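Single-structure report; data block below.
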Amino acid sequence: MASPSSTPSTSPDPSAPPALSNSSNSSDSPESWDDGLIARRVTEATAAALAAERASVLETGSRGPAGEPPAPLAYDGRLRSRLDALRELVGVSRTRLDSRTLAEAGRVLDEAAARRKLSGRHTVVAIAGATGSGKSQLFNALAGVPISETGVRRPTTAAPIACSWSDGAAGLIDRLGIPGRLRRRPLQSPEAEAQLRGLVLVDLPDHDSAAVEHRKQVDRILKLVDAVIWVVDPEKYADAVLHERYLRPMAGHAEIMFIVLNQVDRLPGDAADQILDDLRRLLDEDGIALGEHGEPGARVLALSALTGDGVGELREVLGDFVAERGAAARRVSADVDAAATGLRPVYATGQRVGLSEEAREEFAARLADAVGATAAGEAAERAWLRNAGRACGTPWLRLWRWYRFRGESTTGRIPVRKAPTDEESTARQRVEQAVRTMADQASAGLPAPWAQAVREAAVRGSQGLPEALDELVARAGLPPGRPPRPGWWPTAVLVQAAMTLLQVVGGLWLVGQIVGVMAPNLGLPVLLMACGIVGGPLVEWGCRMAARGPARRYGQEAERRLREAAAGCGRARVLEPVAAELLRYREVREQYGRVARSGAGVG
């Protein structure tokens, strides 16, 4: 809430105790700046200066001191690259992640783009603190005039108040949503203006205010400012709300934070040093890096806004901080880091992911088992052996085998699988099990959204897979007709025919002798018949032994054809869609890696 002196429509309270107009008199009458009083009086010169500032804001708008628009903020190449990578990452992830997951990343991109269009010569610093911490006192001490109201009434600061040390910051203050009536100028001092030129200081409502609207304003503006001064007091510096709700989540923003222990004038002896040490310990537990020896991190200071002790040091540190003009880029970089950390569970994983060659081979083997590739190969081998036996066997055995196996195919061609219903159901279950196992292996270790996408791709590809496998089995059979014969088959057939001829000649010879047509001579015809009877089975056995190798190769070829056909079908329908999802994940993971790399500045 602005002081009545700065709002003409409100009359000063004559019953209020006197208040000093600037911090230079605070050492003479410290009670006028006591936290239990409300500063309601300013000098006529101060009031005139404030009125002139309001008129100046209305006239100049966002123009610079020379009437030129303020130079926009420029990010260096690394930060621009990270922002571009984050923008692309959000774009390619919208089909896989819900809007709530990408909301913070989208906000960071929007705010980075909005901040880049505004002045790069100004640094917006918010003063935040709990009720009674004295942040408004510190705000007034830095400004040199009692701009922000202080007092025992809680909450005292009902709306954020902005104070700018140079022109051209109107756009930045507009972005914070602070109306013109709550915009001020500090005490006109050449030394202060030179030291803090480019600073836009914002006094926020209490972050632990009982008014919900006040807390919402704090949360909103803290996401928009370039830096934050956290004001704590000796009584509530360890407040759980401050550490758990604000400091710990903002640990990555340490380089743009100042932690100020106020009201040290109330502490006796070395109590201030002890509290500072304990405060540093708490900040270390929060994960906030402390920049106390020239290292990047949060600065911790002790002061008394009431007496002015230590305020000069803070003003000097703020002056150096604003003069660097790097706070805005560091804030954006820290926001990108925070967004990357929030997105880590949906992009990064601590283990190697993907579909291994072993998993692919296992999937192909399961599909081959489902179509009966092994059984088909064994059947083809048996058919080849049977054909060899029929071609090279004795006529008598061939006649018997014909009679016994007259209903079976002699071609060795793999028939279309027409299994009973229960066998078809079993084959379908095998295919489904193969797909599920492969999907589980492919999605193992992936973040939940991408694992779900992989499983969905596998399920889509498996639709109609059993029917497609049946068609492939029919097309992948061996050519019609008998299996191919090796070159030695005709010789074996001629030898078997010769053995049969010997039996026939010997038998006819004996018959001729029995009927008296031929002269008696049992030795030679019996020898011929014996050679034919013994030689025929021997030739057949030898052919069977010689046929095992070709038969095995023939069966293996039949099995290979089926396995390749099943593997090709599974690859086209299931593996390729799954591999495409894994490739998309690898691409977004690489993109996330570019986003997660730290380091940014102003260029």
Side-chain angles (χ1 to χ4, degrees), residues 62 70 72-73 75 79 104 107-130 133 135-136 138-139 142-143 147-148 157 159-166 168-179 182-184 186 196-207 209 214-231 242 245-247 249-260 288 298-299 314 317-319 321-339 600 602:
S62 60
L73 179 66
Y75 301 142
L79 180 54
E104 178 61 18
R107 186 198 67 80
V108 169
L109 290 172
D110 293 341
E111 297 302 340
R115 181 64 182 91
R116 187 176 184 180
K117 297 177 182 178
L118 300 175
S119 173
R121 297 186 293 105
H122 292 81
T123 301
V124 183
V125 181
I127 299 183
S133 61
K135 57 183 180 56
S136 295
L138 180 59
F139 182 85
L142 291 172
I147 296 175
S148 187
T157 305
I161 300 174
C163 180
S164 176
W165 268 256
S166 57
L172 289 170
I173 303 177
D174 289 340
R175 179 170 175 251
L176 302 180
I178 301 177
L182 296 177
R183 305 181 187 186
R184 304 288 184 267
L196 299 179
R197 178 175 298 276
L199 173 64
V200 179
L201 199 61
V202 180
D203 185 21
L204 297 179
D206 302 331
H207 69 72
S209 172
H214 294 182
R215 298 198 300 269
K216 289 183 178 179
Q217 289 191 68
V218 172
D219 294 343
R220 177 181 62 84
I221 294 181
L222 283 178
K223 295 179 179 180
L224 303 177
V225 296
D226 301 328
V228 185
I229 299 175
W230 291 101
V231 182
L242 171 65
R245 185 175 179 181
Y246 294 101
L247 295 183
M250 294 185 66
H253 296 70
E255 292 188 54
I256 59 163
M257 287 199 301
F258 299 85
I259 315 297
V260 174
I288 297 178
R299 296 290 302 271
L314 175 61
V317 171
L318 271 179
F321 182 76
V322 173
E324 292 177 0
R325 296 184 181 179
R330 288 199 294 270
R331 170 60 195 258
V332 172
S333 179
D335 287 344
V336 174
D337 289 338
V602 176

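Bear in mind the structure is a predicted one, so any value in this text is a computation, not a measurement. Start at 1 with the first residue, then count along the sequence.
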Dump the intermediate steps for salt bridge (Lys or Arg N to Asp or Glu O under 4.0 Å) on K223 and D335, then the final yes or no.
CA-CA 9 Å; K223 295 179 179 180; D335 287 344; over 6 Å; no
One pair to check against side chain to side chain contact (heavy atoms under 4.5 Å, CB included): I259 and V231. What are the steps and the verdict?
CA-CA 6 Å; I259 315 297; V231 182; over 6 Å; no
With side chain to side chain contact (heavy atoms under 4.5 Å, CB included) as the criterion, how do W230 and H207 come out once you've worked through the C-alpha distance, each side chain's angles and the decisive distance to 0.1 Å?
CA-CA 10 Å; W230 291 101; H207 69 72; 4.1 Å; yes
Pair L172, S119 - check side chain to side chain contact (heavy atoms under 4.5 Å, CB included), show working.
CA-CA 7 Å; L172 289 170; S119 173; 4.3 Å; yes
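Counting only heavy atoms from C-beta outward, the side chains of V108 and E104 approach each other to under 4.5 Å. Taking 4.5 Å as the limit, some side-chain heavy atom of Y75 sits within range of a side-chain heavy atom of R115. The closest side-chain heavy-atom distance from I147 to I161 is below 4.5 Å. In this structure the side chain of R183 never reaches within 4.5 angstrom of the side chain of S164, judged on heavy atoms. Taking the side chain as every heavy atom from C-beta outward, V125 and V228 never approach each other to under 4.5 Å. Residues W165 and V322 form no side-chain contact, since every pair of their non-hydrogen atoms from C-beta on lies 4.5 Å or further apart. Residues V200 and V225 form no side-chain contact, since every pair of their non-hydrogen atoms from C-beta on lies 4.5 Å or further apart. Put simply, the side chain of V260 does not reach to within 4.5 Å of the side chain of I127, judged on heavy atoms.
Ion pair E255/R299 not flagged as a salt bridge, since none of the NZ, NE, NH1 or NH2 atoms sits closer than 4.0 Å to an Asp/Glu carboxylate oxygen.
Side-chain N or O atoms of R197 include none that pairs as donor or acceptor with a backbone N or O of G319 at under 3.5 Å. Counting only distance, with no hydrogens or angles, the side chain of D226 and the backbone of V124 share a donor-acceptor pair below 3.5 Å. Distance alone, capped at 3.5 Å, is enough to place a donor-acceptor pair between the R175 side chain and the L224 backbone. Listed for the K117 side chain is no donor-acceptor partner under 3.5 Å among the backbone atoms of P72. With hydrogens and angles ignored, the 3.5 Å screen pairs no side-chain donor or acceptor of S209 with any backbone N or O of D206.
A pairwise comparison of heavy atoms in H253 and A338 identifies CE1-CB, 4.3 Å as the closest pair. Nearest heavy atoms, G252 versus A334: O-CB, 3.6 Å. Q217 approaches P160 most closely through the heavy-atom pair OE1-CD, 2.8 Å. Here the closest non-hydrogen pair linking L118 and G171 is CD1-O, 3.9 Å. Contact record, L73 with A328: CD2-CB, 3.5 Å, taken as the closest heavy-atom pair.
For the atom pair CD1 (I288) and CG (L247), the distance works out to 4.5 Å, reported to the nearest 0.5 Å. I229 CD1 to D203 CG: the interatomic distance, rounded to the nearest 0.5 Å, is 10.5 Å. Here the straight-line distance linking atom CG of L142 with atom CG of L196 works out to 7.5 Å at 0.5 Å rounding. The distance from the CD atom of E324 to the CZ atom of R330 is 5.0 Å, given to the nearest 0.5 Å. Between the CG atom in L199 and the SG atom in C163 there is a gap of 7.5 Å [rounded to 0.5 Å]. Taking CG of L79 as the reference point, atom CZ of R116 lies at 8.5 Å (rounded to 0.5 Å).
In this structure, F321 and F258 have perpendicular ring planes: the angle between them is above 60°, well past the 30° mark.
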